[in-house]
Amino acid sequence: MSVLALVTVAVWLLAFLIPSGQYDRNGSGAPVSGTYHRVENTQGFTGRLNDLFLSPVNGLYGVQDEKTGAVGPGLTGALYGSAGVFLFVLAIGAFITVVFATGALDRGIARLAHRLRERGALLIAAVMVVFSILGTVEGFAEETLGFYGLLVPMMLALGYDRLVAVGASILGAGVGVLCSTVNPFATGVASSAADISLGDGIVLRFAMWLVLTLVTVLYVVRYARRVQKDPGRSLCGFLPGDREHEATGGGEAGPELTGLHKAVLVLLALVFAFMIFSVVPWSSALTGKADAAPYAWEPDWTFPQLSALFLCAAVLVGLVARMGEAKLSSTIIQGAADFISPALVIMLARGVTVIMNNSKITDTVLHSIEGVVKGTSSGVFAVFVFLVNLPLAFLIPSTSGHATLAMPILAPLADFAGVSRAVVVTAWQSASGWMNLWVPTTAVTIGGVALAKVGYDTYLRFVWPLLAILFVLICGFVALGAAV
């Protein structure tokens, strides 16, 4: 959040230097290419200072005036702030925390790992696929840190090294987040900022998830088999006592899954399955027509309904787990509290866009980039969006903050290029996900290698060929998505 605070002040100062301007808008509110013109900013210093002071408030519940386009907490018009996404993040945080409090997910993954302990390649693939599924639907990443105590000794017992456990954890969850289909903290926030449905572009993202997950699993399995066959080819080597694990058979199985745990896991799967069903624009997906009328059975849900879904689901899981009123209430509150940080990041980032909007410099920045991408093919444009977001992902490690800041500029560019805004969302999240597989500013990477006692430089040597492969595949997918 300190980074976003600095960004807020920097953008506010730059607004004094960047000339104000705007595009003409069409019926849907999208800017019309070629209509940019300079306008006068009549705010004055006091008005600009007030915008800076109120930027967090406007970022949460600022309202955009229908006539002037200005955003403020006391105006009349459409909600411009991120209140809907803000509540959604807290709601899903409450749900995930309640699920973890039951112990069902931890125990389920532990049981799966132990059951497959004598089939090494299948164990690696199963763990990675489970982590990837959780990553693509709910941004599962930091949670992998809790599994190193199980995976490291198990991989050593199977004749692998510590790097295999690191790869299965970081890359398994990471590739899922990279190819987020309905991940609320990536796709959800970006789709909201781009003013499109969470389900738009899900077919492309699902295809990416299948291919990139398969490639990543095969990469880790190939390395694991090489180490098992010839321990001398291990990139990280073995610590004293590591080779002794091979005789243990993978340790204890751990507690069995109870009927309660199984019920919670079924509920978890049903909730996320229904979320996917409720946000997919089925009429467009099945007919291939973007403007197809929704079917009567389509829920066509957005963030308000999804927030209610996860709050109700949190209560339902608590009731099934027989938590009791006091424990369930405290767990829901704790879950919302744990996720207040990404929610505040979204609010602060939206506040930056309010400053740009009220200073009337958003269209000026958009116009400057329009000149760069104008005339390029749709495929080149999509790859450009991916590339330009790589350094942004490094500078703004918060996925939610990055999305909220970048989308108001990048999404209208898609209109100029004749490309679906969903492709821009996919290119953006791919850049963010690709960077988070290796940058040292992410807790998942640094924490993972530290817990596994593997050097960060060793991890980079292990992962760079895969990063190159994924880079090429991502460029191909976003270019194809833009061309179709």
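Predicted, not measured: the structure shown is a model, and the values here were computed from it.
Summarising the geometry of A403 relative to V189, their closest heavy-atom pair is CB-CG1, 4.0 Å, with the distance given to 0.1 Å. In terms of heavy-atom proximity, A194 sits nearest to R421 at O-NH1, 2.9 Å. Of all heavy-atom pairs spanning V271 and A313, the tightest one is CG2-CB, 3.7 Å. Contact detail for S432 and A393: the closest heavy-atom pair is CA-CB, 3.9 Å. Pairing each heavy atom of A483 with each of S378, the nearest pair is CA-OG, 3.7 Å. Closest approach of V166 and A452 over heavy atoms only: CG2-CB, 3.3 Å.
Applying the side-chain contact (heavy atoms from CB on, under 4.5 Å) rule to L79 yields the partners Y61, A83; only residues at least two apart in sequence or on another chain are considered. Under the rule for a salt bridge (charged side-chain N to carboxylate O under 4.0 Å, His left out), D106 has no partner lying at least two apart in sequence or in another chain. Evaluation of the side-chain hydrogen bond (donor to acceptor under 3.5 Å, both in side chains) rule for S330 yields no partner, not counting sequence neighbours. D161 is linked by a side-chain hydrogen bond (donor to acceptor under 3.5 Å, both in side chains) to Y223, S234, counting only residues two or more places apart in sequence or in another chain.
Remark: side-chain polar atoms of S329 are not paired, donor with acceptor, to backbone N or O of A326 under 3.5 angstrom. A donor-acceptor pair is defined here as one N or O able to donate and one able to accept, closer than 3.5 Å; no such pair exists between the side chain of T187 and the backbone of P184. With R162 contributing its side chain and V454 its backbone, the two residues share no donor-acceptor pair below 3.5 Å. In this structure, Y456 contributes its side chain and W438 its backbone to a donor-acceptor pair below 3.5 Å.
Aromatic ring pairs are classed by plane angle as parallel below 30°, tilted from 30° to 60° and perpendicular above 60°; the pair F140 and F100 is parallel. The aromatic rings of W434 and F471 sit perpendicular, their planes meeting at an angle over 60°, well past the 30° parallel limit. Between W282 and W297, the two ring planes are tilted [angle within 30° to 60°].
Here L105 contributes atom CG and I96 contributes atom CD1; the two are 9.5 Å apart, rounded to the nearest 0.5 Å. Taking CG of D200 as the reference point, atom CZ of R205 lies at 8.0 Å (rounded to 0.5 Å). For the atom pair CE of M155 and CG of L123, the computed distance is 4.5 Å after rounding to the nearest 0.5 Å. To the nearest 0.5 Å, atoms CG (L268) and NE2 (H261) are separated by 13.0 Å. Atom SG of C475 sits about 12.5 Å away from atom CG of L480, to the nearest 0.5 Å. Remark: T216 OG1 to L470 CG distance equals 4.5 Å, nearest 0.5 Å.
Listed by first then second residue, pairs satisfying side-chain hydrogen bond (donor to acceptor under 3.5 Å, both in side chains) with a partner in residues 79-105 number zero, not counting sequence neighbours. Residues in residues 121-141 take part in these side-chain hydrogen bond (donor to acceptor under 3.5 Å, both in side chains) pairs, two or more places apart or across chains: S132-W209, S132-T213, T136-T181.
Contact check for M323 versus V98: side-chain heavy atoms found under the 4.5 Å cut-off. Two residues are said to be in side-chain contact when any heavy atoms from C-beta on lie closer than 4.5 Å; V424 and M407 meet this criterion. At a threshold of 4.5 Å between non-hydrogen side-chain atoms, the residues V345 and F185 do not count as touching. The shortest distance between side-chain heavy atoms of M275 and P299 does not fall below 4.5 Å. Within the 4.5 Å cutoff, no side-chain heavy atoms of T445 are placed close to those of N436. Side-chain atoms of I276 and I202, non-hydrogen and from C-beta on, do get closer than 4.5 Å to each other. A 4.5 Å side-chain heavy-atom check between R107 and T258 finds at least one atom pair inside the cut-off. Contact of the L90 side chain with the L311 side chain is not registered, since no non-hydrogen atoms from C-beta on lie closer than 4.5 Å.
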From CA spacing to verdict: side-chain contact (heavy atoms from CB on, under 4.5 Å), T426, F477: CA-CA 9 Å; T426 301; F477 268 107; over 6 Å; no
Stepwise side-chain contact (heavy atoms from CB on, under 4.5 Å) test for L178 and I474: CA-CA 10 Å; L178 188 160; I474 290 167; 3.8 Å; yes
side-chain contact (heavy atoms from CB on, under 4.5 Å) between F272 and F310, worked out: CA-CA 9 Å; F272 279 108; F310 281 107; 4.0 Å; yes
Trace of the side-chain contact (heavy atoms from CB on, under 4.5 Å) decision for V320 with L267: CA-CA 9 Å; V320 169; L267 277 175; 3.6 Å; yes
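Residues F339 and F86 place their aromatic rings such that the two centres sit no closer than 6.0 Å. For Y219 and F462, the gap between ring centers is short of 6.0 Å.
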